[in-house]
Amino acid sequence: MPLPPPPRRPDPDHVPSERELREDLAAAYRLLAVYGMTDLVFTHLSARMPGEGHRFLVNPYGLLFEEVTASSLVVVDAEGEPAQATSWPVNPAGFVIHSAVHRGRADAHCVMHTHTLAGMAVAAQQGGLLPLNQMSMEFDGRLAYHDYEGVAADDNLSERERLVRDLGDKPCMVLRHHGLLTVGRSVAEAFYWMYYLEQSCRIQLAARAGGVALDIPSRGTVERTRAQFSTGPTKGWLPWQALRRKLDREQPDYRD
């Protein structure tokens, strides 16, 4: 099979059309299913719609992530209520965390939240995510923590404020006794953070299961390694192009 043409350098100022956004978000749902980061029909990925006002794309409630398509995504308002005609229900209560982050962070164009085995296990460990490998070192200083206050509810406005406060300007957060959350200026960026945060959690569980003391690198090594990772508005764009090609070959119906 011939090599595909190399992807063009992205324009950091490009505002995606609704169609582009729908395809990107549907791709992200499919990829979370591929990499085992789903919780049946629960948890959500959301993306801010282009244009004025608080409107977001989210999955219809009841579909498995592997069933989500570009056209099945539902436009909701800031409270998670449908802003379009839809035959599928939506889950406003499940949108509580997303609503808070989208409202509190102008750069949070995409928000991803997962309940994975590894993510929830690390969320229950004292010390949180440890800098055990170069993947996890990238999260040094970029990972926030929010204490558990029970199931997120749409009537708990004060927790929304604390959640946004705890996240601050960081791209990632561990929700204690709950799961993981990432934000991005694009779907590609939010997915990059989520994929590698999940991998870091899986590595930590494997290392702890080895039965020997963990070797924690020096503070200087951690800081130097973190600084070697690039940041910017096009974070994650190169692996995202490769992943989209993978889906185009294996699950092209995500674009439907």
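For the numbers below, each heavy atom of this structure counts, side chains included, while hydrogens, waters and symmetry mates do not. Predicted model only: the values in this text are computed from it and were never measured. Along the sequence shown, residues carry numbers from 1.
At least one side-chain heavy atom of L243 sits less than 4.5 Å from a side-chain heavy atom of Y35. At a threshold of 4.5 Å between non-hydrogen side-chain atoms, the residues H146 and L167 do not count as touching. Between V111 and L45, the closest side-chain pair of non-hydrogen atoms is not below 4.5 Å. Side-chain contact between E189 and C110: absent, with no pair of heavy atoms (C-beta onward) separated by less than 4.5 Å.
The nearest pair of heavy atoms linking L197 to C172 is CD2-CB, 4.2 Å. In this structure, Q126 and R208 approach most closely via the heavy-atom pair O-NH2, 4.1 Å. Of all heavy-atom pairs spanning L129 and V122, the tightest one is N-CG1, 4.0 Å. Contact detail for G236 and A188: the closest heavy-atom pair is O-CB, 4.1 Å. The two residues G127 and Y145 come nearest to each other via the heavy atoms O-OH, 4.4 Å. Closest approach of L130 to S136, counting heavy atoms only: O-OG, 3.2 Å.
A distance of 9.5 Å separates CZ of R176 from CD of Q125, quoted to the nearest 0.5 Å. We find the CG-CG distance between L175 and L181 to be 5.5 Å, quoted to the nearest 0.5 Å. The CG atom of D248 sits 11.0 Å away from the CG atom of D253 when rounded to the nearest 0.5 Å. Here I216 contributes atom CD1 and T221 contributes atom OG1; the two are 12.0 Å apart, rounded to the nearest 0.5 Å. Note that CG of D107 and OG of S186 are 11.0 Å apart. Values are rounded to the nearest 0.5 Å. The CG atom of D24 sits 13.0 Å away from the OH atom of Y29 when rounded to the nearest 0.5 Å.
Contacts of E223 classified as side-chain hydrogen bond (donor to acceptor under 3.5 Å, both in side chains), with partners at least two apart in sequence or in another chain: R219. When the side-chain hydrogen bond (donor to acceptor under 3.5 Å, both in side chains) test is applied to S230, no partner is found at least two apart in sequence or on another chain.
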**Request:** Walk me through it: do T38 and T43 pass the test side-chain contact (heavy atoms from CB on, under 4.5 Å)?
**Result:** CA-CA 8 Å; T38 66; T43 72; 6.0 Å; no
**Request:** Evaluate side-chain contact (heavy atoms from CB on, under 4.5 Å) for T116 paired with C201, printing each intermediate quantity in order.
**Result:** CA-CA 10 Å; T116 64; C201 289; over 6 Å; no
**Request:** With side-chain hydrogen bond (donor to acceptor under 3.5 Å, both in side chains) as the test, would you mind laying out the steps for Q228 and Q134 before giving the verdict?
**Result:** CA-CA 10 Å; Q228 290 174 318; Q134 67 178 18; over 6 Å; no
**Request:** Show your working on side-chain contact (heavy atoms from CB on, under 4.5 Å) between V174 and L180 and close with a plain yes or no.
**Result:** CA-CA 5 Å; V174 170; L180 306 177; 4.0 Å; yes
**Message:** Pair Q251, V34 - check side-chain contact (heavy atoms from CB on, under 4.5 Å), show working.
**Reply:** CA-CA 10 Å; Q251 301 183 41; V34 167; 3.6 Å; yes
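Applying the ring-ring contact (aromatic ring centres under 6.0 Å, His included) test to every pair with at least one member in residues 214-252, sequence neighbours left out, gives these pairs: F191-W240.
If you run side chain to side chain contact (heavy atoms under 4.5 Å, CB included) between H44 and each of V90, T114, N59, only N59 comes through.
Cluster membership for V164 and M112, using ILVMFWY side-chain heavy atoms within less than 4.5 angstrom, is not shared. The hydrophobic clustering, which links ILVMFWY residues whose side-chain heavy atoms are closer than 4.5 Å, places L21 and V74 together. If you chain together hydrophobic residues whose side chains sit under 4.5 Å apart, V222 and M135 never meet in one group. A single hydrophobic cluster is not seen to contain both F139 and M137; linkage of ILVMFWY side chains at heavy-atom distances under 4.5 Å, directly or through other members, places them apart. Linking Ile, Leu, Val, Met, Phe, Trp and Tyr residues whenever their side-chain heavy atoms come within less than 4.5 Å places V76 and M49 in a single cluster.
Remark: the backbone N or O of K170 is paired with a side-chain donor or acceptor of R105 at under 3.5 angstrom. A donor-acceptor pair under 3.5 Å is formed between the side chain of R22 and the backbone N or O of A70. The backbone N or O of D256 sits less than 3.5 Å from a side-chain atom of S71, completing a donor-acceptor pair. Between the side chain of R55 and the backbone N or O of A78, no donor-acceptor pair lies under 3.5 Å. With hydrogens and angles ignored, the 3.5 Å screen pairs a side-chain donor or acceptor of R30 with a backbone N or O of E66. No donor-acceptor distance shorter than 3.5 angstrom exists from the side chain of H109 to the backbone of V187, with no hydrogens or angles considered. With hydrogens and angles disregarded, a donor-acceptor distance shorter than 3.5 Å links the side chain of T182 to the backbone of A190. At distances below 3.5 Å, not a single donor-acceptor pair connects side-chain atoms of R202 with backbone N or O atoms of L117. Between the side chain of Q204 and the backbone N or O of A118, no donor-acceptor pair lies under 3.5 Å.
Contact check on R103 versus E79 returns a salt bridge, with a Lys/Arg side-chain nitrogen under 4.0 Å from an Asp/Glu carboxylate oxygen.
Here H98 and F56 keep their ring centres 6.0 angstrom or further from each other. A centroid separation of less than 6.0 Å is found between the aromatic rings of H178 and H113.
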